[in-house]
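FYI, the numbering just counts along the sequence from 1. In listed order, ligands and their atoms are each counted from 1. Everything quoted here is computed from the prediction, not taken from an experiment.
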Amino acid sequence: MKKSWEEDRNKIIGMGDNSFKKSYYPELQNKIKELEAANQNLNTIFNCTTDCFVIHDIEGQILMSNKQCKKLFENCTQLNETNNILEIINKSISTSNINNIWNYVLHGNTEILQLAFKQKGNKNKIFIECSLSKIIWYDKTAILEVMRDITNQVYYEFELKQAKEKAEESDRLKTAFLANLSHEIRTPMNGILGFTDLLSHVDGLQDEAKAYITIIQNNSERLLNLIGELIDISKIESGVMTLNLEPVNLAELLNKLYVIFNNQAISKKIDIVLSNEIDYYNYSVLIDKVKIEQILTNLINNALKFTFKGHINIGCKTKNNKLIFWVKDTGIGISKESIKLVFNRFYQVKNSVTEPGDGSGLGLAITKALVELMNGEIWVESEIGKGSVFWFSIPHITE
Ligand code: ADP
């Protein structure tokens with residue numbers, strides 16, 4: 001019977017039962033044992049990993065593959081029908097790329113491909129992530145392919161993308177719906193407001209009727225404000241609110257607000273004072289005028305609502321490349337517990353000065369969101385019985 005080459009080898013290198021030189025080569029024997037153990041370990045790793053390993057020569061003939069690889073090949077129609085893996089991979093890649101890819105790999109780089117195969121027995125696809133690297137296998141150049149079944153991941157990603165698109169679409173619809181709703185409500189509300197105004201001027205109205213008309217007017221205004229605030233919140237949330245920077249003269253902006261609010265302040269016997277901390281008149285800054293006006297309007301409205309004596313001070317200064325605005329009042333102040341919550345949506349401090357239904361608790365949440373949209377910050381300092389200061393800072397950009 002012909003002896004196997006391993007038997008000859010063992011004799012020569014001093015291993016095996018019938019070795020001639022067993023005792024002469026102890027170091028060599030140890031090295032061989034080490035190598036055999038390493039080889040065994042490699043085989044174990046090769047077969048216990050959940051990834052598929054296949055080694056093939058540069059013509060595509062499979063030289064070695066692990067258990068997982070065999071399972072995968074059995075499950076994919078194209079892989080099951082061939083022993084030449086290169087053919088299959090080449091068919092899965094767009095033709096113009098093939099040479100580039102193999103050149104890249106044969107130059108010692110690792111290429112990662114995503115391939116799709118038909119599942120055996122049905123029309124489903126199996127998606128495989130395949131990494132290709134050059135190795136030397138028994139003195140010859142070969143390719144190591146590590147394949148991973150990413151079918152579930154691909155389907156999850158697809159579903160996630162669809163869900164995201166659907167959510168974005170719903171969000172757009174919600175914003176459009178709210179904008180339409182606002183328009184649809186505003187139109188009849190303006191009719192109600194216009195005719196109640198006419199009604200209030202009719203001669204000979206009794207006091208009771210006048211009082212009812214005032215209630216209709218106040219509630220209509222409140223409803224319009226609420227709708228406006230809900231639309232603002234929805235626009236901010238859905239990211240459709242954008243900045244529109246323009247050169248603005250701060251003196252003009254603050255004076256305009258002073259004129260708007262001064263009558264209201266006079267009727268409450270409160271002074272509005274403007275601070276001149278920068279040379280306002282010769283000064284233009286790039287800001288979103290509409291949004292700054294909206295922020296200051298919200299803050300001044302609150303200051304007027306919660307102040308019953310003293311004054312309201314409005315101003316602006318520059319510091320560390322920032323424009324810092326403030327609205328100070330000598331009103332009822334805010335407690336330490338509530339101060340942390342005033343910028344939360346729908347938060348209202350329970351106090352004796354506001355009536356149920358007065359305000360919505362959205363004003364400061366919108367104000368904060370607008371300030372943040374401008375890369376700014378807003379904060380408040382307050383003491384019960386002494387008053388509050390609302391500060392906000394935004395980047396100071398000059399023309
Ligand atoms: P609202 O519509 O109720 O005014 P905001 O979000 O503007 O809603 O304000 C939230 C709460 O913060 C108010 O209900 C009030 O209790 C408190 N607040 C806001 N500004 C002041 C202020 N200047 N002085 C005292 N309390 C204030």
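Contact atoms of ligand 1 toward F390: 20 (N), 21 (C), 22 (C), 23 (N) (distance under 4.0 Å to a heavy atom of the residue). Residue contact check: Y347 has heavy atoms under 4.0 Å from atoms 10 (C), 11 (C) of ligand 1. If you number the atoms of ligand 1 from 1 as listed, the ones under 4.0 Å from a heavy atom of S388 come out as 24 (N).
Every heavy atom of G331 sits 4.0 Å or more from the atoms of ligand 1. At a 4.0 Å cut-off, not a single heavy atom of F343 sits close enough to ligand 1 to count as contact.
Checked by distance only, ligand 1 and L364 come closer than 3.5 Å through their nitrogen or oxygen atoms. Ligand 1 has an N or O atom lying under 3.5 Å from an N or O atom of G361, backbone or side chain.
Proximity of V349 to ligand 1, defined as any heavy-atom pair under 4.0 Å, is shared by backbone and side chain alike. When non-hydrogen atoms are compared, ligand 1 lies under 4.0 Å from neither the backbone nor the side chain of T367.
The neighbour count for Y347 OH, taken as heavy atoms of other residues, nucleotides or ligands under 6.0 Å away, is above 12.
The only option from N302, N298, I334 that meets the side chain to side chain contact (heavy atoms under 4.5 Å, CB included) definition with F390 turns out to be I334.
For the residue pair Y212 / E208, a side-chain donor-acceptor distance below 3.5 Å is found, with atom types taken as modelled.
Ring geometry, W391 versus W379: the interplanar angle falls under 30°, so the pair is classed parallel (tilted spans 30 to 60°).
Residues F177 and I227 fall within the same hydrophobic cluster, defined by Ile, Leu, Val, Met, Phe, Trp and Tyr side chains chained together at heavy-atom separations under 4.5 Å.
Counting only heavy atoms from C-beta outward, the side chains of F73 and S65 never approach each other to under 4.5 Å. Within the 4.5 Å cutoff, the side chain of D149 has no heavy atoms near those of the F117 side chain.
For the residues I334, T307, L304, the heavy atom positioned nearest atom 25 (C) of ligand 1 is part of I334.
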